[in-house]
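All remarks here apply to the structure that follows.
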Amino acid sequence: MCMCKFVCLFAIFAFATCGGYTGQLRVSVDCMEKASSNLSIGIDFAYPFRLHQVSFEAPLCEGMRRERVALIGDYSSSAEFFVTIAVFAFLYSLMATIVYIFFQNKYRENNRGPLIDFIVTVVFSFMWLVSSSAWAKALSDVKVATDPDEVQLLISACKIQTNKCGSVHGPRWSGLNTSVVFGFLNFVLWAGNIWFVFKETGWHKGAARYPGGAPEKQAGTFNQQPYNQGSFDQSGGYSAQGDLGQPSEYSQVGGPTSYSNQM
Ligand SMILES: *[C@@H]1O[C@H](CO)[C@@H](O)[C@H](O)[C@H]1NC(C)=O
């Protein structure tokens with residue numbers, strides 16, 4: 001968890017920008033009889049984007065009568081899934097940092113810490129990808145559903161040609177666009193972290209030790225035995241072979257001794 005500070009920070013950005021979002025759009029309904037017009041109807045919505053629960057009052061352009069109009073769609077599942085993953089990723093990376101720093105011994109005990117860390121990191125990487133994708137899709141739908149031009153279509157008075165409806169302003173999307181970017185950034189970060197956590201598990205060493213570790217051991221015995229053998233074999237006349245090493249003819253001559261060394 002060497003990248004933990006980034007991981008924590010980026011997770012916070014992801015759920016803060018999405019979970020803390022509030023947006024507003026504003027439309028105008030200009031009735032033929034001006035008295036009943038409302039040129040500034042504000043419609044507020046927020047996380048978790050249960051738009052079907054967001055309603056506003058619009059003039060019917062018939063005297064002072066009004067109607068209650070609701071937006072369409074429920075995007076709470078994707079939004080809440082995204083924020084939940086971000087919150088849990090934040091909590092996990094925070095906890096992992098604490099464990100890693102203060103309980104280093106426990107972490108390494110039986111290799112259990114690195115093992116759990118590895119599995120959880122893989123799962124979170126996958127979850128970041130899924131939740132960010134789902135949230136990106138939901139956001140594009142939310143943008144359509146809260147587009148003032150689309151919202152006008154829901155107002156009865158706007159269906160009558162003589163009344164004029166218009167959009168005053170749409171919602172600001174920078175915050176939510178940022179949350180999607182941070183979602184995918186978190187995926188990249190966690191997926192990249194898999195390698196570092198994997199190294200902690202020591203599996204790659206274990207895999208490399210069987211082919212790579214055996215020569216290491218041989219090298220160890222090599223270093224010890226020639227000294228012993230040097231004292232025994234001094235009379236052999238080939239005592240210089242250890243220094244030469246490279247020439248192929250000599251290596252054949254050296255063959256028997258090096259073979260016996262390996263034993
Ligand atoms: C226009 O609609 C808003 C709600 O967005 C309301 O607060 C306001 O009183 C309305 N204005 C008129 C003139 O009816």
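All ligand and atom numbering here is 1-based and tracks the order in the structure.
With respect to Lys143 and Glu150, no salt bridge is recorded, no charged nitrogen being found less than 4.0 Å from a carboxylate O.
Near Ile41, meaning under 4.0 Å from one of its heavy atoms, ligand 1 places the atoms 5 (O).
Contact of the Leu71 side chain with the Ser55 side chain is not registered, since no non-hydrogen atoms from C-beta on lie closer than 4.5 Å. For the pair Val142 and Trp173, the minimum side-chain heavy-atom distance is below 4.5 Å.
Trp135 and Ser179 share a side-chain donor-acceptor pair at under 3.5 Å.
Between Phe45 and Tyr21, the ring planes are tilted. Angles from 30° to 60° get that label.
Only the side chain of Asn38 comes within 4.0 Å of ligand 1, judged by heavy-atom distances. Contacts between Arg66 and ligand 1, counted as non-hydrogen atom pairs separated by less than 4.0 Å, involve the side chain only.
In this structure, atom 14 (O) of ligand 1 has a protein heavy-atom contact shorter than 4.0 Å.
Between the choices Ser28, Ser36, Ser37, Gly42, the shortest heavy-atom distance to atom 5 (O) of ligand 1 belongs to Gly42.
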